[in-house]
A.B. asks: 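Here it is: the structure, laid out below.
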Amino acid sequence: MLSIRLEFSPASDAEFFAALPASPAVFLLRGDDANSEPYITKTASLRRRLLRLLGPADSASKRLNLRERVRNIEYSPTASDFESGFLLYKVLRETFPQSYADRLRLRPAPLIKLILDNAYPRVTVTSRISSIRAGNAYFGPFPTRTAAEKFANDALDFFGMRRCTDDLAPDPTFPGCVYSEMKMCLAPCFKGCSDERYAEEVARVRAFLESGGRTLTHELSAERDRASESLDFENAAALHSKIEKLRGVCQQLPEIVRAIDRLDGVLIQPSSETDCVRLFKIVAGRIADPVDLKLGARQALAENVAPQPGRSRIPQSMESRIAEALASAPAPLAQSAQEWMEHLAMLKRWYYRTSKVGEIFLADEKGDLPMRRVVRGVSRVFKGEKPQADLSESARDYWINRGREAQLDS
C-alpha cells in the first residue's frame, strides 16, 4: 500500500536522510522483531520528521527516539492533507484492524435517518448506519448534530409525520399529543388517519429530503398560483408566506447534504506527481482510490506524438480526459456499514473545514457531473488557486425565483 521502502542503518544515516523528500508523506517504521508493533503516522515533511525520530539521541531530551529500534521504513509521498488522511486510514485499517478507529479518532458524520422498516415511519438524527442492506434512507452529512436536528425539526413543520419515538399500536381511545392537537401530525397513534394516508405523507417527506426541498416548493407554488387565478388572494398570500419560510429552511442545507446512496461526485486534490492533479471518485458517499490526471506541457506533447500519416490528430477535450480518468478509477473498497460511515466522516471533516485544499463537485439527480465546472476546478487546483464561491443548487433556485417574482411585481 505504501509505495517506497528503504533500509535504515545508524552507521549510514547521512545517505538515508539525504534520500528522503522534504515533503508530506504517510510512513511506517519497522524494527527487527517481526512481532513488534510498527509506528505509523503522517507528516508535513518526511525528512524533518525522521530526523527527529531517527537522528542521534539527546540524553537530556524526553522526545521519542527510535534510532536503535528501526531498521526499515515504508512511505508514500502525498500532496494534500485529505490524501494523507485517506491513505493513513487505509494503512491503519490494514495494520490494526481491531484498534484503527481509536487511533484515527474519526468523528462520525451526523445524518438524518428516515426509518422505513417501522410500521409507521419517522425521522431521527443519527451518526450510525445500521446496515447497508436495510431499507432505511439516510441523508447528510451535516456539519453538526445540532444542525441536523434543527433542519429536521424545521422541515417536519410542513408535514404531518409523527415525531414520537414509540413503536405505535394504534388505539382510538389514545388522547394523542400536542402535535396532533395543533394539527401538525396525522396522529396514527389513535387512527387519526388511514395507513394509506400516512404512507402518502411519508412518501412526501422522502421526496422532500431527496430533492433538497424542491418538491414541496413546487407543490406550494402550484397551489399559490391556483389560488391567485381563482382570486383567493388571502389564501395565496398565506401560501406565499409559507413558501418564504420553506426557502429559509432549504437554505440551511449545504450542497453536499443529500441521500447518501446518491452522494456521487469527484474530489480534486493536488498530486505529488509532476504536471498532474489527483482525482478521488465518490460513489454513494464511498471514496475510491485516487487516479492521476496528467496536465501541462508534458501531457500536451504526449498527446501529439506520432500522428497517423495523412490524418490530422483531433485533440482530446479536457472533459473527455476527465471522464476517462474517472472511468478508470477502481470501485470504492467500502463494503460494510462501518466503512461507509468512516468514508462519510472523512468527507464531512474535509468539506466543512474553514480552510481546505482542493475542490469537490457533486453529480446531479441524473448522476451527471457538471463537467465545465469540473474542468475549471481542475485548472484552479493545478495552479494552486483558491476555489470560487459557487451557490448551492437550492440557493440558485431561491435567487432565480426571487428575480421572477420581482419582475411580476413590477
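Every heavy atom of this structure was used, including side-chain atoms; hydrogens, water molecules and symmetry mates were not.
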A.B. asks: Taking Asp368 for the side chain and Asp364 for the main chain, is one N or O donor matched with an acceptor at less than 3.5 Å?
C.D. replies: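 Checking the backbone N and O of Asp364 against the side chain of Asp368, no donor-acceptor pair under 3.5 Å is found.
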
A.B. asks: Quick one: does Leu29's side chain get under 4.5 Å of Leu50's, heavy atoms only?
C.D. replies: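 Leu29 vs Leu50: side chains touch.
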
A.B. asks: Gln269 side chain to Arg278 main-chain N or O, any donor-acceptor pair under 3.5 Å?
C.D. replies: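 Not at all, since once roles are kept as given, no pair shorter than 3.5 Å links the two residues.
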
A.B. asks: What class does the angle between the rings of His343 and Tyr89 fall in, given that below 30° is parallel, 30 to 60° is tilted and above 60° is perpendicular?
C.D. replies: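 Rings of His343 and Tyr89: perpendicular, as their planes differ by over 60°.
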
A.B. asks: Measuring from atom CE of Met161 to atom CZ of Arg206, what distance do you get when rounded to the nearest 0.5 angstrom?
C.D. replies: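 The distance works out to 10.5 Å.
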
A.B. asks: Hey, is the main chain of Ser3 close enough, under 3.5 Å, to the side chain of Ser76 for a donor-acceptor pair?
C.D. replies: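 Yes: the side chain of Ser76 pairs with the backbone of Ser3.
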
A.B. asks: Measure from the side-chain N and O atoms of Tyr351 to the backbone N and O of Pro254, and report whether any donor-acceptor pair falls under 3.5 Å.
C.D. replies: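 Checked: no pair found.
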
A.B. asks: Does the side chain of Val70 reach to within under 4.5 Å of the side chain of Tyr39, using non-hydrogen atoms?
C.D. replies: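 Heavy-atom side-chain distance check fails, nothing below 4.5 Å.
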
A.B. asks: Quick check: do Val291 and Leu293 have side-chain heavy atoms less than 4.5 Å from each other?
C.D. replies: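 No; the side chains remain at least 4.5 Å from each other.
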
A.B. asks: Return the CG to CD distance between Leu267 and Glu83, rounded to the nearest 0.5 Å.
C.D. replies: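 Result: 10.5 Å between the selected atoms.
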
A.B. asks: Do the ring planes of Phe159 and Phe208 sit parallel (below 30°), tilted (30 to 60°) or perpendicular (above 60°)?
C.D. replies: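 Phe159 and Phe208: perpendicular rings.
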
A.B. asks: What's the separation between atom CZ in Phe280 and atom CG in Leu326, rounded to the nearest 0.5 Å?
C.D. replies: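 Going from the CZ atom of Phe280 to the CG atom of Leu326 covers 12.0 Å.
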
A.B. asks: Do Val91 and Tyr100 make a side-chain contact, defined as non-hydrogen atoms from C-beta onward lying under 4.5 Å apart?
C.D. replies: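 They are not in side-chain contact.
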
A.B. asks: Kindly say whether Ser80 contributes a backbone atom to a donor-acceptor pair with the side chain of Ser84 at under 3.5 angstrom?
C.D. replies: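 A pair under 3.5 Å: yes.
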
A.B. asks: May I ask you to check whether Tyr352 and Phe142 place their ring centers less than 6.0 Å from one another?
C.D. replies: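 Aromatic pair excluded; centres sit 6.0 Å or further apart.
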
A.B. asks: Is the side chain of Trp340 donor-acceptor paired with the backbone N or O of Ala284 at a distance under 3.5 Å, no angle test?
C.D. replies: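 Here the side-chain-to-backbone pair exists.
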
A.B. asks: Measuring from Thr95:OG1 to Arg30:CZ, what's the distance to the nearest 0.5 Å?
C.D. replies: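 Here the interatomic distance stands at 6.5 Å.
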
A.B. asks: Is there a donor-acceptor contact under 3.5 Å from the side chain of Ser230 to the main chain of Ala227?
C.D. replies: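 Yes.
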
